Number of protein chains: 2
Amino acid sequence: MRVTIKDVAEKAQVSVTTVSMAMGSPGRIAEATRERVLKVAEEMGYRPNMLVRGMQKGQTMSVGVLMNFSGDSFEGRIFQGVHHTLVDAGYVPIALMPNDRAPALSQIHSLLDRRVDGILMRPTGEAKWEEHLHEALRRHVPVVSVDSETVGESGKSERQIDFVGTDDYLGGKIAATKMLEAGHRRLAVLSMGDETDPMYQRCKGFVDTLKTVADTTCEVVDLSWEYVHSESPELAMKLLGSESRPTGVFLTMDMIAPGVYRAAASLGLNLPDDLSVIGFADEAVAHYLTPSLSTLRQHPREIGQHGAELLLKRIEMFRKSKKTPVFERTIKLLEPTWVERDSVTAPPA
Amino acid sequence: MRVTIKDVAEKAQVSVTTVSMAMGSPGRIAEATRERVLKVAEEMGYRPNMLVRGMQKGQTMSVGVLMNFSGDSFEGRIFQGVHHTLVDAGYVPIALMPNDRAPALSQIHSLLDRRVDGILMRPTGEAKWEEHLHEALRRHVPVVSVDSETVGESGKSERQIDFVGTDDYLGGKIAATKMLEAGHRRLAVLSMGDETDPMYQRCKGFVDTLKTVADTTCEVVDLSWEYVHSESPELAMKLLGSESRPTGVFLTMDMIAPGVYRAAASLGLNLPDDLSVIGFADEAVAHYLTPSLSTLRQHPREIGQHGAELLLKRIEMFRKSKKTPVFERTIKLLEPTWVERDSVTAPPA
DNA sequence: CTGAAAGCGCTTACAG
DNA sequence: CTGAAAGCGCTTACAG
């Protein structure tokens, strides 16, 4: 049988109360007794039962982490940040990935039934998270979203769900500034998705910044997702084919860069002399392209870390109040970093 | 407050015993009563407390998963297989990655304290797992290892730890067969690592197979890890530079292929006409090389799946016996799949 | 400084 | 078919 606190108490000739206090409440027990008890516990190979502790104190020291765990390195690094922060604080992550066979709601119930102290999630496009998460909030369990926001049916972000992600708007702004500094005045953006997608903010940051400078033009080309996946260079050809083509283009995702490079090549344009390009995300491809792509790097590990820290703070806050407290959601946006490579130069004379 | 079984009992005008049985022991309670109770529970938003259940029944329906979660796709796919199998069976994975700040032993204690029903791990080179895992076995918790085996201090694999991985020896055998079929008789292997590394078995499978055929030679070149990481083509140059160079070479890792390709190019050798090459692992690089690299593909998702299934079986088995049962470890090796590309052809005349 | 007792939210023999 | 009571392994007021 497993050794319990009672076994330790008998062997050490004290009460279970004393053993319990010796382990959990420093200062309540005479140092001599305490050391003896601890030594006996150690010798017997005693290990506390956190289930019981969790049940009594209402804190299991575990949190649910809802992600895809698909093995892409971006998400892997988010999880690393989350994991290290949690483990350092004595918590443990229960890792679940919602999918067809195990939808988000059942996963969340599974976590709630195990009395996790909080839930951290990276929402994916399709899932209807919002209603499920209210289930958690209602039960006094805080939720934090990382990388992409949870958006409710109303199209608005959820009020009680904190968020940590990349400052996409700032990223667009940085891209615009770099283009302007290089001397470009005739620009374009290739973007896609709707307001809820990060590409939208990147595009907006770029466009808004250009608006503040006189004699600057910017054409916004909205790519469909099919376009992106097909990698067909058609749209890029149209954009680049005319006489009044831009001298610099901002891609709100690195992934579309290969298509644009191909389009430029087939039109006889030299990169970066005839066309400067800036991407976003710093994917592996950015490094391999010729010329290598200047882009903006996100910080997944830090996103995970800050997300977990925020969650731990909320757990603390929830613990202190009996009911689910009312609070303003915290939004933390991390600055993307400019990665200078070879795809930006002065515009052609 | 959270609604408990007692609240449900009061509202439904029955005892807690009846509520408990209505939920957990079908058949013990009259169908009419049962339905009424279940309905009340549902209306009140009752959710069972699995901590209590776990404490009483000695099964928490959770298992510890020890991996790197570094975001590489191979490991990601292993975890997917593990996750789906566990979730389908009602279990939940607690995902921990041992590292400097949180060493394996403390992670394992963390899992044991939370009374996981089993532990599944993908061991990494450095960690001293074996002694820690005895801690688990001693406490009646089964352990399964996937992808690479746990090796004890004696250098032998642990007896009580089941293993699911790739049949590396068979992979080497397949590579040899393909080379022989293409007509090669003068061969070489580039390998590295010691007996505990999978590359060793791949190499052995290749060499052993060639031995069964007359008039066949095979030079084994043992690369150091520094060599592999530096990607310096020196050793490959030496191998390929002589008159009696092999006409076909088996690489026990795809990762070293780029270096070999470069060495061949600098010696003016045409691939695959002057030299046939076979890799192992089917990494992304295998697809991008010119000529694309024929290789052997592993099945990480299936490895994870079978590993989890095996663990669930062991949990069942452990549950039935009071003490940790004595048993022969199960070893399940999955066949790698031959991926035919363009790097193998007949030897030069 | 230490201990007896109640209680956390369930399950499970054992009665009725 | 249903319920009162004991018990799982701890923690925490409350006494002494």
Side-chain angles (χ1 to χ4, degrees), chain A residues 1-38 40-41 44-62 109 112-117 139-140 319 322, chain B residues 1-38 40-41 44-62 109 112-117 139-140 319 322:
Chain A
M1 274 316 295
R2 234 152 187 168
V3 12
T4 72
I5 201 177
K6 203 175 151 197
D7 302 324
V8 177
E10 275 171 20
K11 189 127 182 184
Q13 312 256 48
V14 290
S15 70
V16 295
T17 306
T18 303
V19 177
S20 175
M21 302 230 149
M23 319 205 74
S25 314
R28 302 273 281 101
I29 297 292
E31 195 50 31
T33 319
R34 188 164 161 273
E35 273 175 19
R36 186 163 50 86
V37 171
L38 258 30
V40 171
M44 299 179 76
Y46 172 77
R47 287 264 100 207
N49 186 332
M50 293 201 53
L51 298 176
V52 179
R53 205 175 269 186
M55 182 186 117
Q56 301 220 130
K57 309 179 81 151
Q59 51 173 129
T60 54
M61 302 305 279
S62 68
H109 274 157
L112 259 19
D113 293 353
R114 284 172 176 85
R115 300 296 187 261
V116 293
D117 296 326
R139 287 171 205 281
H140 207 77
R319 194 117 70 201
K322 288 290 155 216
Chain B
M1 275 317 295
R2 234 155 187 164
V3 12
T4 71
I5 201 177
K6 202 175 152 198
D7 302 324
V8 176
E10 274 171 21
K11 189 129 181 183
Q13 312 256 48
V14 291
S15 70
V16 294
T17 306
T18 304
V19 177
S20 175
M21 302 231 148
M23 319 205 75
S25 313
R28 301 275 280 102
I29 297 293
E31 195 52 33
T33 320
R34 187 164 162 275
E35 274 174 18
R36 185 162 52 84
V37 170
L38 258 32
V40 171
M44 298 178 76
Y46 172 77
R47 287 263 98 208
N49 186 332
M50 292 200 53
L51 298 177
V52 178
R53 208 175 266 186
M55 182 186 117
Q56 302 222 130
K57 308 179 85 151
Q59 53 174 128
T60 53
M61 303 304 280
S62 68
H109 274 156
L112 258 20
D113 293 353
R114 284 171 177 84
R115 300 296 187 263
V116 293
D117 296 327
R139 288 170 205 281
H140 206 77
R319 195 116 73 201
K322 289 289 155 215

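Residue numbering restarts at 1 for every chain, and letters A, B, ... go by the order of the sequence lines. Computed from a prediction, not measured in an experiment: that's the story for all the values here.
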For [X] and [N], what is the distance between atoms [atom1] and [atom2] respectively, to the nearest whole Å?
X	N	atom1	atom2	result
B/Met55	C/dG7	CE	C1'	11 Å
A/Arg34	C/dT2	CZ	P	12 Å
B/Glu10	C/dG9	CD	C1'	14 Å
A/Arg36	C/dT2	CZ	C1'	11 Å

Exercise for the section: Give a yes or no answer on whether the side chain of A/Arg36 reaches the backbone of A/Ala12 with a donor-acceptor pair at less than 3.5 Å. Expected result: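 Present.
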
Handout entry: Side-chain donor/acceptor of A/Arg2 to backbone N/O of B/His140, under 3.5 Å
Key = no

Heavy-atom closest pair, residues [X] and [Y]:
X	Y	answer
A/Arg47	B/Arg115	O-NH2, 3.4 Å
B/Pro48	B/Arg53	CB-NH2, 3.6 Å
B/Asp117	B/Gln59	OD1-CA, 3.3 Å

Practice task
Check whether any side-chain nitrogen or oxygen of A/Thr33 sits under 4.0 Å from OP1 or OP2 of C/dC1, and answer yes or no.
Solution key: no

Handout entry: N or O in side chain of B/Ser15 less than 4.0 angstrom from D/dA4 OP1/OP2
Key =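 No, no such contact exists.
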
Exercise for the section: Dot-bracket notation for DNA chain C is requested: 5' to 3', Watson-Crick or G-U wobble pairs only, both distances under 3.5 Å, with ( ), [ ], | and . as defined. Expected result: |||.||||||||.|||

Problem - Residue pair A/Thr60 / A/Met50, side-chain heavy-atom distance below 4.5 Å - result: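 No; the side chains remain at least 4.5 Å from each other.
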
Handout entry: Member of A/Asn49, A/Val52, A/Thr17, A/Val19 meeting the side chain to side chain contact (heavy atoms under 4.5 Å, CB included) criterion with A/Ile5
Key =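 Among the candidates, only A/Val19 passes.
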
Could you list all N or O pairs between the protein and nucleotides 10-13 of chain D that sit under 3.5 Å apart?
from	atom 1	to	atom 2	distance (Å)
D/dC10	OP1	A/Tyr46	OH	3.1
D/dC10	OP2	A/Ile5	N	2.7
D/dC10	O5'	A/Tyr46	OH	3.1
D/dC10	O2	A/Gln56	OE1	2.8
D/dC10	O2	A/Gln56	NE2	3.1
D/dT11	OP1	A/Arg53	NE	3.2
D/dT11	OP2	A/Ser20	OG	2.3
D/dT11	O4'	A/Gln56	NE2	2.1
D/dT12	O4	A/Thr17	OG1	3.4

Practice task
Determine whether the side chains of A/Thr18 and A/Ser15 contain a donor N or O and an acceptor N or O closer than 3.5 Å.
Solution key: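 Result is yes, a qualifying pair exists.
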
